[in-house]
Amino acid sequence: MEENNKIDIKSLNLSELEEFILSIGEKKFRAKQIYEWLHIKLVKSFDEMSNISVSLREKLKECATLTVLEIEIKQVSKQDQTSKYLFRLPDGKMIESVWMKYKHGNSVCVSSQVGCRMGCRFCASTVNGLDRSLMPSEILEQIYEITRDTGERVSNVIIMGIGEPFDNYDNVMKFIRLLTDKNGLNVSERNVTVSTCGLVEKIYKLAEEDLHITLAVSLHAPNDKIRQEMMPIANKYSIAEIVAACKNYIEKTGRRVTFEYTLVDNQNDSDENAQELSALLKNKLFHVNLIPLNKVEGKKYNRSKNQNITRFKDILERNGLHVTVRRELGSDISAACGQLVAKNNVT
Ligand code: SAH
């Protein structure tokens, strides 16, 4: 929470902020005012907090940092209403986030780490490994800066950008609580989705959090052998363990679980694979989201042929599964799943 002995003020919840304000000899009600400036009015500096005295603002500058991200590059898709932002973090490292406009609202896809150490063989985000995890403030600020830039409210948040959210579990939970706080941006818990490559202990832990968010699990294979070829994490957890953890999540929360399945040509897209997956995921509260692979330069995997995508979907549906095919938004600006990269080597 602290960097150079300064408190990261945007990562504090209201009661922590109250404690902090009391600890520097100020009145408790100031915390609520500051919290509003940070999380509702989305100011970028202490000096904009006009109902806070100049002396308190100076004191805050001395003992707290106000994390903001700078837009380094913004790319706007020509084919749909998607934009990709390359953000510069306070320490100069870079991450990407994606803004998507839908009829039912605006979504932001946020990153949770600079890089990733999961090593999925089809994903660009993991190529340079993990640099560091993001603070709650740095995840929040992706949404705040996009809100400032577009002037539009964000209603849906998906934690599916760079990084493995459950490899940064505590900060991601804190982020979700700040994001959905009634005293803050107040995004509905139901409109938050967290996607994991399947860290089983953390799936059990999430079930105990009393959060009504959607859990998405990157499965990508109907059996352990194929999964191990695609994802190193499959050597640690079996599909059976993941499915058991997801059933527990459903029992505890009443929420359905989405399984993401990236379709790769000649790897996991045969009729037999579809049948095996159907047997595995036949459950009213399981949902399958098929993702046509987005080609990543230098990776051997290719996108499934269109007729195979359709056939795969048909087989699952005939077997009674709930299936959707993810729209490929923003692929012209490399904003699609698995195409986001952390550019670390910035001068
Ligand atoms: N680490 C988390 C979230 C980030 S990835 C996770 O693994 O779920 C978001 C989704 O995009 C995951 O399902 C991921 O497996 C998928 N993905 C990664 N690379 C992809 C690619 N090249 N094409 C399509 N989907 C990809």
Side-chain angles (χ1 to χ4, degrees), residues 84 95-98 100 107-130 133-134 139 142 157-169 171-172 175-176 192-200 202-203 206 213-221 226-234 236-237 239 242 245-246 249 257-265 267-269 277 287-304 309 312 324-342:
K84 182 167 77 165
I95 48 154
E96 293 188 317
S97 319
V98 181
M100 291 161 281
S107 286
V108 172
C109 174
V110 294
S111 293
S112 56
Q113 297 182 306
V114 183
C116 181
R117 59 180 177 149
M118 295 300 137
C120 298
R121 303 222 159 82
F122 44 86
C123 180
S125 303
T126 197
V127 171
N128 294 318
L130 175 68
S133 284
L134 296 182
I139 313 177
Q142 296 169 52
V157 172
I158 51 181
I159 310 165
M160 278 193 198
I162 300 164
E164 167 50 48
F166 287 178
D167 191 33
N168 184 20
Y169 186 88
N171 285 346
V172 167
F175 154 72
I176 295 171
V192 177
T193 299
V194 63
S195 177
T196 176
C197 64
L199 305 186
V200 167
K202 298 291 163 45
I203 297 177
L206 184 70
I213 60 174
T214 299
L215 172 66
V217 177
S218 298
L219 195 66
H220 304 323
I226 296 179
R227 196 163 193 263
Q228 282 160 8
E229 288 167 11
M230 302 171 71
M231 306 169 75
I233 195 69
K236 187 158 180 204
Y237 303 104
I239 289 179
I242 292 175
C246 290
Y249 183 81
V257 173
T258 297
F259 288 93
E260 293 155 290
Y261 193 103
T262 294
L263 283 164
V264 184
D265 188 39
Q267 171 66 24
N268 64 0
D269 66 345
L277 188 68
H287 178 97
V288 181
N289 193 208
L290 299 174
I291 316 175
L293 181 92
N294 299 299
K295 178 74 183 162
V296 174
E297 220 41 63
K299 302 267 178 192
K300 67 172 183 181
Y301 292 123
N302 292 306
R303 183 183 195 279
S304 291
I309 296 172
F312 201 93
T324 45
V325 178
R326 191 174 293 177
R327 286 167 61 204
E328 297 158 84
L329 294 175
S331 55
D332 61 329
I333 50 170
S334 290
C337 298
Q339 296 185 313
L340 303 185
V341 287

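We count residues from 1, following the sequence as given. When a ligand or atom number is given, it counts from 1 through the structure's own listing order.
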Self-check item: Interfacing atoms of ligand 1 (cut-off 4.0 Å, heavy-atom, Thr262)
Solution: 24 (C), 25 (N), 26 (C)
Quiz item: Which atoms form the tightest heavy-atom contact between Val325 and Asn289, and what is the distance?
Solution: C-ND2, 4.1 Å
Quiz item: Which atoms of ligand 1 have any heavy atom of Ile291 under 4.0 Å away?
Solution: 24 (C), 25 (N)
Quiz item: Any idea which part of Leu293 is under 4.0 Å from ligand 1, heavy-atom wise: side chain, backbone, both or neither?
Solution: both
Practice problem: Would you check the N or O atoms of Phe122, main chain and side chain alike, for any that come under 3.5 Å of an N or O of ligand 1? | Solution: yes
Quiz item: Quick one: does Glu260 get an N or O within less than 3.5 Å of an N or O on ligand 1?
Solution: yes
Quiz item: For Phe166 and Val194, which heavy atoms make the closest approach, and how far apart are they?
Solution: CE2-CG2, 3.9 Å
Quiz item: How does Thr196 reach ligand 1, by side chain, by backbone, by both or by neither, if only non-hydrogen atoms under 4.0 Å count?
Solution: backbone
Self-check item: CG on Leu206 to SG on Cys246, rounded to 0.5 Å
Solution: 10.0 Å
Quiz item: Which ligand 1 atoms, with their elements, are less than 4.0 angstrom from a heavy-atom of Cys197?
Solution: 6 (C), 7 (O), 8 (O)
Practice problem: Give the atoms of ligand 1, by number and element, whose distance to some non-hydrogen atom of Glu164 is under 4.0 Å. | Solution: 1 (N), 2 (C), 6 (C), 7 (O)
Exercise. Indicate, as side chain, backbone, both or neither, the part of Val296 found under 4.0 angstrom from ligand 1 when only non-hydrogen atoms are considered.
Key: side chain
Self-check item: Sub-4.0 Å heavy-atom approach of Lys299 to ligand 1
Solution: no
Quiz item: For ligand 1, which atoms, with element, lie under 4.0 Å from some heavy atom of His220?
Solution: 13 (O), 14 (C), 15 (O)
Quiz item: Which ligand 1 atoms, with their elements, are less than 4.0 angstrom from a heavy-atom of Met160?
Solution: 4 (C), 5 (S), 9 (C)
Quiz item: Which part of Met118 is near ligand 1, with near meaning a heavy atom under 4.0 Å away: side chain, backbone, both or neither?
Solution: neither
Quiz item: So, for Ile139 and Asn171, which heavy atoms are closest and what is the spacing to 0.1 Å?
Solution: CD1-O, 4.4 Å
Exercise. Assess whether side-chain hydrogen bond (donor to acceptor under 3.5 Å, both in side chains) is satisfied between Ser112 and Glu164, documenting all intermediate values.
Key: CA-CA 7 Å; Ser112 56; Glu164 167 50 48; over 6 Å; no
Quiz item: In chain order, what residues pass the salt bridge (Lys or Arg N to Asp or Glu O under 4.0 Å) check against Arg326, with sequence neighbours excluded?
Solution: Glu260
Quiz prompt | pair Val264-Asp269: side-chain heavy atoms closer than 4.5 Å | solution = no
Quiz item: If you measure from each heavy atom of Gly163 to ligand 1, is any distance below 4.0 Å?
Solution: yes
Quiz prompt | Gly161 to ligand 1, any heavy atom closer than 4.0 Å | solution = yes
Quiz item: Got a donor-acceptor contact below 3.5 angstrom from the Lys202 side chain to the Tyr169 backbone?
Solution: no
